[in-house]
Amino acid sequence: MSRYTAAEIESKWQQAWTRSETFKAVRDVSKPKYYVLEMFPYPSGKLHMGHVRNYTMGDVIARYKMSTGHNVLHPMGFDAFGMPAENAAMAIGGHPKEWTYSNIDTMVEQMKPLGLSLDWSRMFATCDPEYYGQQQSLFLDFLDEGLVYRKNAVVNWDPVDMTVLANEQVEGGRGWRSGALVERRELTQWFFKISDYSEELLDALETLDNWPAKVRLMQENWIGKSRGLQFSFERTDGADPIEVYTTRPDTLMGASFVGISPDHPIAKELEADNSELADFLAECRKGGTTEEAIETAPKLGYDTGITVKHPLNPDWELPVWIANFILMDYGTGAIFACPAHDQRDLDFCRKYDLPVVDTFLDLDAPKPVENEAFVPPKEQKVKWINHFAGLDEATGQDAIDATIDFAEKAGWGQGVTKFRLRDWGLSRQRYWGCPIPVVHCDACGVVPEKKENLPIELPDDVTLDVPGNPLDRHPTWRDCACPSCGAPAKRETDTMDTFVDSSWYFARFTAPRATTPTVAEDAAYWMNVDQYIGGIEHAILHLLYSRFFARAMHICGHLPETAKEPFDALFTQGMVTHAIFKNAERTDENGRAIYHYPAEVEERDGVTVVKETGEKVDVIPSAKMSKSKNNVVDPVDIITSYGADTARWFVLSDSPPERDVEWTASGAEAAFKHLNRVHRIATDVIASDAGNPNEDEALLREMHKAIRDVTLGVESFGFNASIAKLYAFTNALAKSKASSAAKRDATRVLAQLMSPMTPHLSEEIWQLLGGEGLIINAPWPVADEAMLVEASVTLPIQINGKRRAEISVPKDMPKEEVEKLVLAHEAVIRTLDGAQPKKLIVVPGRIVNVVI
RNA sequence: GCGGGCGUGAUGGAAUGGUAGACAUACCAGACUUAAAAUCUGUUGGGCGUAUGCCCGUGUGGGUUCGACUCCCACCGCCCGCACCA
């Protein structure tokens with residue numbers, strides 16, 4: 001009897017697949033195509049368990065689809081531009097390019113032993129000039145179509161390092177290297193006109209039936225369609241009126257003040273000759289640019305001294321305040337505040353002693369607002385106070401509609417639909433990204449580069465030892481001829497947001513070596529991505545940008561109309577986590593917690609301790625794997641000790657795919673034991689003689705149930721359920737007394753059902769048991785409906801909703817007869833004690849409930 | 001702050017509104033073994049009871065229903081995103 005030697009088996013079958021080019025995707029109109037894609041990785045240099053889980057899921061789908069007669073495209077690439085490469089160059093020297101490509105080599109070497117069904121011939125990295133050159137070409141096409149433009153936008157500015165900071169580089173409002181307080185600063189930058197597509201991107205969400213509802217909801221909220229009232233407050237000093245936008249015009253009678261953003265033109269105008277105000281605005285401009293930083297900053301206000309007239313009552317004057325929580329990007333950058341029905345406004349008014357006026361009260365508990373704003377759902381009916389349009393009891397929504405209507409008729413306001421979605425700023429003041437292919441010419445202004453000059457390649461001779469963009473300080477790279485007039489000119493040194501790179505890579509995979517961004521026949525054949533798999537952290541930005549890009553590429557003729565929604569189905573998988581072992585008895589010399597590696601601790605009498613010292617350890621379960629917490633499990637180690645099939649089996653087995661899975665040594669061990677067991681069963685089947693000649697119908701039934709349930713699990717991302725079923729089937733097979741021929745057939749089916757998860761072991765068993773060709777090319781088993789039908793069912797009998805007994809009845813026994821049987825049941829008679837049941841509920845084939 | 005999600009035995013988790021705890025881990029017991037490992041078999045939500053059995057139990061509190069892990073409301077805790085991280 002041979003033992004299960006994963007390393008041998010896995011390399012043998014990987015070679016077999018490579019030899020026969022099993023996973024090479026070739027256009028073939030005679031077969032239905034299937035495009036499965038996992039979000040491509042950033043080349044950090046180390047494959048982690050999250051990658052293994054992500055790619056294994058995709059691989060299960062890809063292999064299953066191959067077995068069901070599909071022509072599968074399953075590619076892999078690298079999202080290779082970005083800050084970590086620059087950070088590494090700064091920290092350890094070297095060049096981002098070398099760092100990145102060497103990491104890619106390492107990761108490919110780590111990925112290959114997983115036995116993924118990838119078409120490696122299509123691989124590319126976004127930092128390949130062949131890729132980003134095509135991206136520059138797309139940018140120029142977008143420019144032609146008016147999909148890109150320039151405007152001013154705010155960035156994080158480090159006043160000490162004199163450089164732009166990413167949000168990630170701002171820690172607690174300070175620059176991560178200099179420690180200086182971060183300021184907000186305006187720069188001229190490039191923008192994609194994604195906001196023009198707000199309505200379309202919103203409406204099309206409804207067509208994405210195979211996307212998680214939560215992702216669609218998050219995108220819907222992000223796009224943020226709202227209907228509100230736009231109108232102006234006349235200034236008492238006769239200057240230009242202040243235009244505001246509000247989604248709650250119904251609360252106009254509760255207005256307390258008019259608020260404008262610190263970036264509002266009026267604020268900037270007043271700043272010029274008011275040093276106190278200038279100081280206040282400088283204070284407001286401190287801190288990061290994230291919405292979170294702005295929303296959670298302490299509320300600050302400044303009374304401008306300007307007053308405005310209430311539109312419904314010219315005698316009612318409202319003060320104009322500058323408030324730091326008002327965003328210039330949304331609406332008109334000016335609001336009116338209604339503190340009674342908005343907590344933020346209320347806090348502000350209490351702080352600055354501004355009036356609070358109720359406009360409506362709770363029907364059930366009418367009491368004036370004190371320190372908690374009354375903010376009922378818009379659908380809730382409320383009691384109105386002195387409403388100008390005569391409302392008494394009405395919902396907020398009715399009042400909003402009535403107010404808009406009223407304002408439009410009276411002519412002082414207009415109902416307006418607005419979106420929260422802002423245009424996508426793509427300029428980055430960094431080296432390791434795709435250069436924006438434009439030239440700045442003194443005579444011609446901003447001029448697009450000629451397509452024949454693409455790719456505009458990044459220079460290799462740069463240094464990153466000082467802050468700032470090395471392209472700016474390069475001695476010659478900026479110098480070029482103006483594409484328009486030919487005079488000496490300067491290249492743009494900003495590069496593109498890495499989100500641009502990942503917004504069309506899925507389309508590039510359909511023709512990765514083409515000299516145009518895409519090729520019509522390939523795009524038409526392979527698009528759309530039938531199944532896209534990735535982390536929930538990409539629910540909004542990456543997916544929304546990709547949806548926009550697909551539309552923009554369609555406009556420029558690079559994608560067919562049908563690819564405007566590029567991802568037919570989306571699945572968001574959970575993380576792989578691992579316990580953290582934190583020393584409970586001491587910290588390091590700097591007072592920081594000490595984290596122990598899993599190998600350093602053990603359990604003694606139910607307490608986890610450090611092996612060497614016996615110190616107690618706090619176990620924090622299920623935490624994100626992190627280098628600093630010493631809880632990272634390296635897939636390479638697992639593959640070395642157990643094999644890829646074990647790693648694959650485990651990451652699929654213990655949790656539903658959308659949820660986090662905790663990596664445990666015992667779980668990995670269990671997976672390994674199971675694969676050993678299956679291998680043993682297969683070798684035993686061959687070794688045994690004819691054995692018991694009896695057929696085992698129970699085993700056959702179990703097999704057909706397994707076929708049905710495993711298939712269902714694979715098709716619906718219930719991989720954990722598929723695996724549970726495979727355990728059950730394996731148990732049945734191990735216990736079966738069937739003939740060896742019958743067991744051989746069942747074992748072959750077991751190998752097939754396991755093959756998407758454990759492809760190497762399955763190929764091996766298939767070969768051992770005399771299967772023809774490769775298991776990957778064998779058709780997927782089909783369940784025999786006749787074997788799935790049970791003749792009788794067990795009906796639980798509930799009394800008042802609690803299970804008390806059960807009866808076994810023929811599957812299609814009429815209700816009346818079931819009722820008779822139930823009433824005659826000993827437990828029911830005992831409980832009824834002569835009384836009549838109030839009600840008898842029989843759900844055929846399901847349950848019986850006796851209500852007494 | 002805003003938006004989204006999650007919460008079930010010792011542990012990971014299963015359960016179209018219909019027997020809560022499938023499957024696995026861990027633990028315990030047994031078989032095999034000189035012994036251990038491996039393997040195989042069995043037990044295991046908590047409590048009461050000799051027992052037929054009874055009571056409690058899906059984060060907390062309410063509600064809808066013949067029946068709620070599942071639907072509704074409120075609360076608590078944890079996680080993800082917030083536009084320059086990828």
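Side chains are part of it too, since the values below use all heavy atoms of this structure and drop only hydrogens, waters and symmetry mates. Computed from a prediction, not measured in an experiment: that's the story for all the values here. Convention: sequence-line order gives letters A, B, ...; per-chain numbering from 1.
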Identify whether any heavy atom of A:N720 sits under 4.0 Å from a base atom; if not, whether one sits that close to sugar-phosphate; answer base, sugar-phosphate or nothing.
-> sugar-phosphate
If you take atom types as modelled and just measure distance, does the side chain of A:N167 reach the base of B:C84 with a donor-acceptor pair under 3.5 Å?
-> no
With heavy atoms under 4.0 Å as the rule, sort A:V848 into base, sugar-phosphate or nothing.
-> nothing
Under-4.0 Å side-chain N/O to phosphate OP1/OP2 contact, A:N87 with B:C85 = no
Using purine N1 to pyrimidine N3 plus N6-O4 or O6-N4 for Watson-Crick, or N1-O2 and O6-N3 for G-U wobble, each under 3.5 Å, what pairs with B:C75?
-> B:G59
Carefully, step by step, assess A:Y505 and A:Y131 under the rule ring pair (Phe, Tyr, Trp, His ring centres under 6.0 Å).
-> CA-CA 9 Å; A:Y505 77 106; A:Y131 181 80; 8.1 Å; no
Euclidean distance, atom CE of residue A:M49 to atom P of B:G12 [Å, nearest integer] | 19 Å
Charged N-O contact under 4.0 Å between A:E658 and A:K214 | no
Which word best sums up how the rings of A:Y727 and A:W649 line up, parallel for under 30°, tilted for 30 to 60°, or perpendicular for over 60°?
-> perpendicular
Looking across every strand, which nucleic acid part, if any, lies under 4.0 Å from A:K299 by heavy atom: base, sugar-phosphate, or nothing?
-> nothing
Going by the angle between their ring planes, with limits at 30° and 60°, are A:H538 and A:H542 parallel, tilted or perpendicular?
-> perpendicular
Verify whether one side chain among A:N167 and A:T289 offers a donor that lies under 3.5 Å from an acceptor in the other.
-> yes
Same-atom distance (C1') from B:U33 to B:A38, integer angstrom | 11 Å
What is the nucleic acid contact for A:T296, judged by heavy atoms within less than 4.0 Å: base, sugar-phosphate only, or nothing?
-> base
If you look at every strand shown and take non-hydrogen atoms under 4.0 Å, does A:V851 touch a base, only sugar-phosphate, or nothing?
-> sugar-phosphate
Looking at B:C84, does its base get a donor-acceptor pair with the side chain of A:Q189 below 3.5 Å?
-> yes
Distance test, side-chain N/O of A:N221 to OP1/OP2 of B:G4, below 4.0 Å | yes
Atom NZ of A:K802 and atom P of B:C55: how far apart are they, to the nearest Å?
-> 7 Å
CZ of A:F672 versus P of B:A37: gap in Å, rounded?
-> 17 Å
Starting at CG of A:L541 and ending at P of B:C82, how long is that distance when rounded to a whole Å?
-> 6 Å
Using a cut-off of less than 4.0 Å, is there contact between a side-chain N or O of A:R216 and OP1 or OP2 of B:G4?
-> no
N or O in side chain of A:R680 less than 4.0 angstrom from B:C40 OP1/OP2 = yes
Watson-Crick or G-U wobble mate for B:C66, both contacts under 3.5 Å | B:G18
Regarding A:W211 and A:Y532, is there a side-chain donor-to-acceptor distance under 3.5 Å anywhere?
-> no
Mind checking A:P41 for me? I need base, sugar-phosphate or nothing, with any heavy atom below 4.0 Å counting as a touch.
-> nothing
Please report, rounded to the nearest Å, how far the P atom of B:U19 is from the CD1 atom of A:I841.
-> 14 Å
Using a cut-off of less than 4.0 Å, is there contact between a side-chain N or O of A:R428 and OP1 or OP2 of B:A83?
-> no
Distance, C1' atom - from B:G45 to B:A14, rounded to whole angstrom = 15 Å
Of the listed nucleotides B:U25, B:G4, B:U19, the one nearest the side chain of A:A670 | B:U25
Can you find a donor-acceptor N/O pair under 3.5 angstrom joining the side chain of A:R846 to the base of B:U16?
-> yes
For B:G59 versus B:C6, give the span between their P atoms, rounded off to a whole number of Å.
-> 13 Å
If the glycosidic angle is within 90 degrees of 0 it's syn, otherwise anti, so just tell me which one B:G9 is.
-> syn
Report yes or no: do A:T163 and A:D158 form a side-chain donor-acceptor pair below 3.5 Å?
-> no
Given RNA chain B, 5'-ward residue of the pair A:E291 and A:R804, judged by closest heavy atom = A:R804
May I have the distance from A:I797 (atom CD1) to B:C66 (atom P), rounded to whole angstrom?
-> 20 Å
Side-chain donor/acceptor of A:R430 to base of B:C84, under 3.5 Å | yes
Looking for any heavy atom pair under 4.0 Å, which part of the strands does A:H674 touch: base, sugar-phosphate only, or nothing?
-> nothing
A:K214 NZ to B:G3 P, in whole Å, measures 17 Å
Across the strands shown, which category fits A:F499 at heavy-atom distances under 4.0 angstrom: base, sugar-phosphate, nothing?
-> base
Whole-Å C1' distance, B:G7 and B:C54 | 30 Å
Counting only side-chain N and O atoms of A:S655, is one of them less than 4.0 Å from OP1 or OP2 of B:G13?
-> yes
Would you mind telling me which of B:A83, B:U39, B:C84 lies closest to the side-chain atoms of A:K673?
-> B:U39
On a whole-Å scale, what distance lies between the C1' atoms belonging to B:G47 and B:U34?
-> 44 Å
Classify the side-chain pair A:D494/A:Q189 by whether it contains a donor and acceptor separated by less than 3.5 Å.
-> no
Which part of the nucleic acid, if any, lies within reach of A:S427 when heavy atoms closer than 4.0 Å are counted: base, sugar-phosphate only, or nothing?
-> base
B:G57 and B:G63, which share atom name P, separated by this distance in whole Å | 14 Å
Pick the P atom in B:A68 and in B:A24, then give their distance to the nearest Å.
-> 30 Å
Can you tell me if the side-chain N/O atoms of A:R659 get under 4.0 Å from OP1 or OP2 in B:G7?
-> yes
May I ask you to evaluate whether A:S666 reaches the phosphate of B:A26, defined as a side-chain N or O under 4.0 Å from OP1 or OP2?
-> no
Quick one: does A:Q169 reach the base of B:C85 with a side-chain donor-acceptor pair under 3.5 Å?
-> no
Does NZ or CZ of A:K151 lie under 6.0 Å from the centre of the six-membered ring of A:F191, at an angle within 45° of the ring axis?
-> yes
Is a donor-acceptor contact shorter than 3.5 angstrom present between the side chain of A:E292 and the base of B:C82?
-> yes
In whole angstrom, give the distance that lies between atom CZ of A:F650 and atom P of B:G12.
-> 12 Å
What's the closest nucleotide to the A:V843 side chain, out of B:G18, B:G1, B:A86?
-> B:G18
Mate of B:U52 across any strand shown (Watson-Crick or G-U wobble, both atom pairs under 3.5 Å) is none
Span that lies between the C1' atom of B:C80 and that of B:A86, in whole angstrom | 15 Å
